[in-house]
Participant: 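Following this message is one structure expressed as structure tokens.
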Amino acid sequence: MRPETLRAVWLDGACADVTLLGGRIARIAPSAEPPRAMLLPPLVDAHVHLDKTHAIDRIRARPKSLHEAIELAAADKARWTDADLRARAGRALAEAEANGIAALRTHVDWSEPARPLAWDVLGELAADWRGRVRVDRAALVPLDLLGDPDLGPGIAAEVATAGGVLGAFVYRNAHLPAKLERVFALGARHEVLLDFHVDEGLERAAQGFDTIVALTKRRRMAGRVLCGHACSLSVRPEAEVAALLDVAGAAGVALTVLPTTNAYLQDARVGRTPRLRGLAPMHEARAAGMDVIVALDNVRDAFYPYGEYDLLDAWRQAVLAAHLEPAEWLDAITTLPARALGLPAPRIEVGEAADFLLIEATGPEDLVTRARLRPQVWRAGRPLAAEPEPQRESA
């Protein structure tokens, strides 16, 4: 077996020659040449919706608000059969693999006490795709249901038995603190991770994030709580938000920012240019010690009618929308989401598996500039060949 060397590649801010042998990284040495390409570790997406995805062709209306999108998606659920879910989610996973996503967390709508069909189908797909794309499931339950003292415990037990993540949609609910207290108690009892859609709107009175932070701190659940969206933080008084983020950072709460869906749905009105984009304060959250993650969220569904499972595209949009320094924010789609999902950090180091993305860009700024570049995905020291979607054997 002969070693193979990738010469003059950008890696962690330096130019290196990377030697591969036996499917692993054998050597990393400084290169005397300027970089001709770059290496990134496998990507991790902490927030997608495989149950809703790729349904846009049959959803004729386009929403002008989050609540309109919720209604359109709810109407589409009548079409969600085993075959339909499997076809749409399978297409999504094939796109994710081709674009270098090695692991993802999909939220699954759980709007009734009974376990939804999509939960089971996506569990089967997770098994089918094992070794190619890791799929973790998070139950997305209305807070009023999950926080119900009679109904919430049964849902939490089912999620825990399946090795899933417990999640809720939180937005100005009545008796919100008491309901969140019950959710946190269920998370602690079953020792599961918690993942919330919280304050996904532009009302200053939406402050569910505050309660989640306080409960995480009080229950000492650092590293086990992830909040997605938190759009209302973008319109609340800056001093108030800064103090809150300091507490969140110390408590160990992580934040997922979803640039595409939030930009599409927030402050949307016919014939009027939006002023407010709903982007959570990424710089401030990171400065306060929070892990800040960028994720895709919705792809070609009622919430966001465009795109594919290309996490680098979402990252580029975040770079532009939030004025991020590209080299400093690559961890938002690699190591930080891996940590939030409880996975080992993807690394390109001597002795590690030769799993990475090889991209014909000279560095992070060039990666933003040349948006049409497609990564070449390498696994075990070889470029990933196009493979058909896994097919389940009939019983």
Side-chain angles (χ1 to χ4, degrees), residues 11-12 23-25 39-50 89 92-93 95-108 119 122-140 159-167 187 190-196 216 221-228 252-258 286 289-297 309-312 314-315 329-357 375 377-381 384 390:
L11 177 62
D12 294 332
R24 296 196 168 273
I25 307 291
L39 295 188
L40 286 180
L43 307 181
V44 180
D45 197 309
H47 187 127
V48 301
H49 293 266
L50 293 181
L93 290 170
E95 290 178 357
E97 181 183 48
N99 285 307
I101 297 174
L104 56 80
R105 174 182 289 173
T106 179
H107 294 266
V108 184
W119 183 262
L122 293 176
E124 293 171 356
L125 277 174
D128 295 344
W129 279 82
R130 188 174 292 123
R132 293 175 61 180
V133 179
R134 177 184 172 120
V135 179
D136 290 348
R137 292 170 294 168
L140 177 54
V159 170
T161 298
V165 175
L166 200 57
H190 293 286
E191 298 184 338
V192 295
L193 300 177
L194 299 176
D195 194 333
F196 298 97
T216 304
M221 294 179 68
R224 294 176 55 190
V225 179
L226 181 57
C227 288
V253 176
L255 174 66
T256 307
V257 176
L258 299 313
R286 185 163 180 152
M290 296 184 71
D291 283 352
V292 181
I293 295 161
V294 173
L296 277 162
D297 202 6
Y309 281 79
D310 182 354
L311 186 53
L312 284 174
W315 174 80
W329 284 85
L330 286 169
D331 60 357
I333 55 175
T334 55
T335 56
L336 297 183
R339 180 156 64 193
L341 270 57
L343 303 176
R347 298 180 297 180
I348 302 176
E349 295 181 359
V350 173
E352 296 289 334
D355 298 342
F356 49 76
L357 280 63
V377 181
W378 286 56
R379 296 280 175 85
L384 184 68

Participant: Taking the side chain as C-beta and beyond, is there a heavy-atom pair between Leu336 and Val292 under 4.5 Å?
Facilitator: no

Participant: Between Thr334 and Pro41, what is the shortest heavy-atom contact and its length?
Facilitator: CG2-CG, 3.9 Å

Participant: Taking the side chain as every heavy atom from C-beta outward, state whether Asp355 and Pro346 have any atom pair closer than 4.5 Å.
Facilitator: no

Participant: Between the side chain of Asp45 and the main-chain N/O of Leu296, is any donor-acceptor distance below 3.5 Å?
Facilitator: yes

Participant: Please report the interatomic distance CG(Leu43) to OH(Tyr309), rounded to the nearest 0.5 Å.
Facilitator: 15.0 Å

Participant: To the closest 0.5 Å, what do you measure between CH2 (Trp378) and CD1 (Ile348)?
Facilitator: 12.0 Å

Participant: Measure the NE2-CG distance between His190 and Leu166 for me, rounded to the nearest 0.5 Å.
Facilitator: 8.0 Å

Participant: With no hydrogens and no angle check, is any side-chain donor or acceptor of Trp119 less than 3.5 Å from a backbone partner on Val159?
Facilitator: no

Participant: In the structure I gave you, are the side-chain heavy atoms of Asp195 and His107 within less than 4.5 Å of one another anywhere?
Facilitator: yes

Participant: Please give me the minimum heavy-atom distance between Leu357 and Pro375, naming the atom from each residue.
Facilitator: CD2-CB, 3.7 Å

Participant: State the CG-CG distance between Leu341 and Leu104, to the nearest 0.5 angstrom.
Facilitator: 8.5 Å

Participant: Using side-chain heavy atoms (C-beta onward) and a distance below 4.5 Å, is Asp310 in contact with Glu95?
Facilitator: no

Participant: If you take all heavy atoms of Thr256 and His47, which pair is closest and at what distance?
Facilitator: CG2-CB, 3.9 Å

Participant: Nearest 0.5 angstrom please: Leu40 CG to Leu311 CG, how far?
Facilitator: 10.5 Å

Participant: Which atom pair, heavy atoms only, marks the closest approach of Arg132 to Glu97?
Facilitator: NH2-OE1, 2.7 Å

Participant: From Ile293 CD1 over to Thr335 OG1, what is the distance, rounded to the nearest 0.5 angstrom?
Facilitator: 9.5 Å

Participant: Would you check, one step at a time, whether the test side-chain contact (heavy atoms from CB on, under 4.5 Å) holds for Met290 with Val253?
Facilitator: CA-CA 6 Å; Met290 296 184 71; Val253 176; 4.2 Å; yes

Participant: Restricting to non-hydrogen atoms, name the atom on Leu226 and the atom on Ala46 that form the minimum distance, rounded to 0.1 Å.
Facilitator: CD2-CB, 4.2 Å

Participant: Where do Asp331 and Pro337 come nearest, in terms of heavy atoms and distance?
Facilitator: O-CD, 3.4 Å

Participant: Under a 3.5 Å distance rule, please check whether Arg224 uses its side chain to pair with a backbone N or O of Gly187 as donor and acceptor.
Facilitator: yes

Participant: Only one of Leu122, Val135, Val48 passes side-chain contact (heavy atoms from CB on, under 4.5 Å) with Leu93; say which it is.
Facilitator: Val135

